[in-house]
Trainee: 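Okay, handing you the structure first.
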Amino acid sequence: MIPFLMFQDGKAEEAMNFYTSLIEDSEITSIIRYGANEAGNEGTVMQATFHLKGQEFMCIDSHVKHQFTFTPSFSIYVACQTEEEIGELYEKLLEDRQALMPLGNYGFSRKFGWLNDRYGVSWQLNLI
């Protein structure tokens, strides 16, 4: 199984570059772009794959405008090893966006944060 992310407005490649720049051991593994006279805007992502800490993801730039976007009911969960890692990742992902649960001790974890990033993708960060 591979998590699949559908971006609007040609943001897939930008999001992949952002995510892989933040998380160690991450890379974009393939990008297939729309060409001239194809369904999507030329140069946008028809299909791409990337890895974040070994977890594979697939994404596209949707050429169809939908009435929905991402929802926090699906989130990317990251187990962080250090206070520094969780703090930096949280701040960079949050960047003027929505904190669903600010970094804190919620009893089930000594430090946990949940947020929606600039692309609308939901992230749960946990210090283990």
Side-chain angles (χ1 to χ4, degrees):
M1 288 187 256
I2 301 171
F4 182 90
L5 302 172
M6 181 183 69
F7 293 91
Q8 302 276 345
D9 303 320
K11 297 292 185 183
E13 187 168 7
E14 180 182 317
M16 287 189 298
N17 284 322
F18 180 59
Y19 300 153
T20 57
S21 75
L22 295 179
I23 298 175
E24 288 184 30
D25 301 322
S26 300
E27 66 178 337
I28 297 169
T29 53
S30 72
I31 300 177
I32 300 169
R33 300 176 194 284
Y34 286 106
N37 303 314
E38 292 186 321
N41 292 334
E42 186 174 1
T44 61
V45 175
M46 180 186 296
Q47 180 182 327
T49 56
F50 62 103
H51 291 169
L52 301 177
K53 282 191 173 182
Q55 172 64 54
E56 185 175 25
F57 292 83
M58 182 180 286
C59 69
I60 65 168
D61 282 318
S62 178
H63 64 278
V64 176
K65 294 294 180 195
H66 297 282
Q67 296 301 311
F68 56 86
T69 184
F70 297 109
T71 171
S73 66
F74 175 85
S75 57
I76 299 172
Y77 179 91
V78 180
C80 299
Q81 302 295 320
T82 66
E83 293 267 351
E84 181 179 74
E85 179 186 15
I86 195 170
E88 287 179 14
L89 190 53
Y90 183 86
E91 289 305 315
K92 289 175 182 174
L93 286 167
L94 184 62
E95 211 172 87
D96 299 321
R97 298 302 165 194
Q98 181 185 14
L100 302 173
M101 294 175 76
L103 277 181
N105 182 335
Y106 292 95
F108 58 83
S109 171
R110 58 190 168 125
K111 188 167 269 188
F112 176 85
W114 192 354
L115 59 96
N116 288 339
D117 71 17
R118 65 177 80 167
Y119 305 102
V121 175
S122 182
W123 295 78
Q124 293 185 57
L125 309 177
N126 188 33
L127 181 62
I128 57 170

Trainee: Looking only at atom types and distance, does a side-chain atom of R110 sit under 3.5 Å from a main-chain N or O of I128, one as donor and one as acceptor?
Mentor: yes
Trainee: So which atom in N116 and which in R97 form the shortest heavy-atom distance, rounded to 0.1 Å?
Mentor: O-CB, 3.1 Å
Trainee: Could you state the interatomic distance from CG (L5) to CG (D61), rounded to the nearest 0.5 Å?
Mentor: 11.5 Å
Trainee: Membership question, hydrophobic clusters at under 4.5 Å side-chain separation (ILVMFWY): are M58 and M6 in the same one?
Mentor: yes
Trainee: Working note: K11 + T44, criterion side chain to side chain contact (heavy atoms under 4.5 Å, CB included); need CA distance, chi angles, decisive distance, verdict.
Mentor: CA-CA 8 Å; K11 297 292 185 183; T44 61; over 6 Å; no
Trainee: Can you name the closest pair of heavy atoms from G43 and R33 and give their distance?
Mentor: O-NH1, 3.4 Å
Trainee: Between Q8 and T69, is a side chain to side chain contact (heavy atoms under 4.5 Å, CB included) present by the stated rule, with each step listed?
Mentor: CA-CA 8 Å; Q8 302 276 345; T69 184; 5.5 Å; no
Trainee: What is the minimum heavy-atom distance between P3 and Q55, and which atoms define it?
Mentor: CD-NE2, 3.3 Å
Trainee: Indicate yes or no: at least one non-hydrogen side-chain atom of F18 is less than 4.5 angstrom from one of L93.
Mentor: yes
Trainee: When S122 is tested against each of Y77, F74, F70, W114 for side chain to side chain contact (heavy atoms under 4.5 Å, CB included), which residue passes?
Mentor: W114
Trainee: Which pair of non-hydrogen atoms, one from K92 and one from L22, has the smallest distance, and what is that distance?
Mentor: CD-CD2, 3.3 Å
Trainee: Rest of the hydrophobic cluster containing I32 (Ile/Leu/Val/Met/Phe/Trp/Tyr, side-chain heavy atoms under 4.5 Å)?
Mentor: Y34, M46
Trainee: Which heavy atom in C59 sits nearest to a heavy atom in M16, and how many Å separate them?
Mentor: SG-SD, 3.5 Å
Trainee: Return the CD1 to NZ distance between I76 and K53, rounded to the nearest 0.5 Å.
Mentor: 12.5 Å
Trainee: Just how far is it from atom CD1 of I23 to atom CG of L52, taken to the nearest 0.5 Å?
Mentor: 4.5 Å
Trainee: Passes side chain to side chain contact (heavy atoms under 4.5 Å, CB included), V121 versus F7? Steps please.
Mentor: CA-CA 10 Å; V121 175; F7 293 91; 4.3 Å; yes
Trainee: CG of L127 to CZ of F112: how many Å apart, nearest 0.5 Å?
Mentor: 12.0 Å
Trainee: Test of understanding: clusters of I, L, V, M, F, W, Y form through side-chain heavy atoms closer than 4.5 Å, transitively. Do L125 and M101 belong to the same one?
Mentor: no
Trainee: Are F68 and I60 linked, directly or through intermediate hydrophobic residues, by side-chain heavy-atom contacts shorter than 4.5 Å (ILVMFWY only)?
Mentor: yes
Trainee: Once you round to the nearest 0.5 Å, how far does OG1 of T49 lie from CZ of F57?
Mentor: 12.0 Å
Trainee: Please round to the nearest 0.5 Å and tell me the distance separating atom CD1 of I86 and atom NZ of K111.
Mentor: 7.0 Å
Trainee: Please list all pairs meeting side-chain hydrogen bond (donor to acceptor under 3.5 Å, both in side chains) that have one or both residues in residues 18-28, counting only residues at least two apart or in different chains.
Mentor: Y19-D117
Trainee: For residues Q98 and L115, determine if any side-chain heavy atom of one lies less than 4.5 Å from a side-chain heavy atom of the other.
Mentor: no
Trainee: Minimum heavy-atom separation for L89 and C80, please, with both atom names.
Mentor: CD2-SG, 4.3 Å
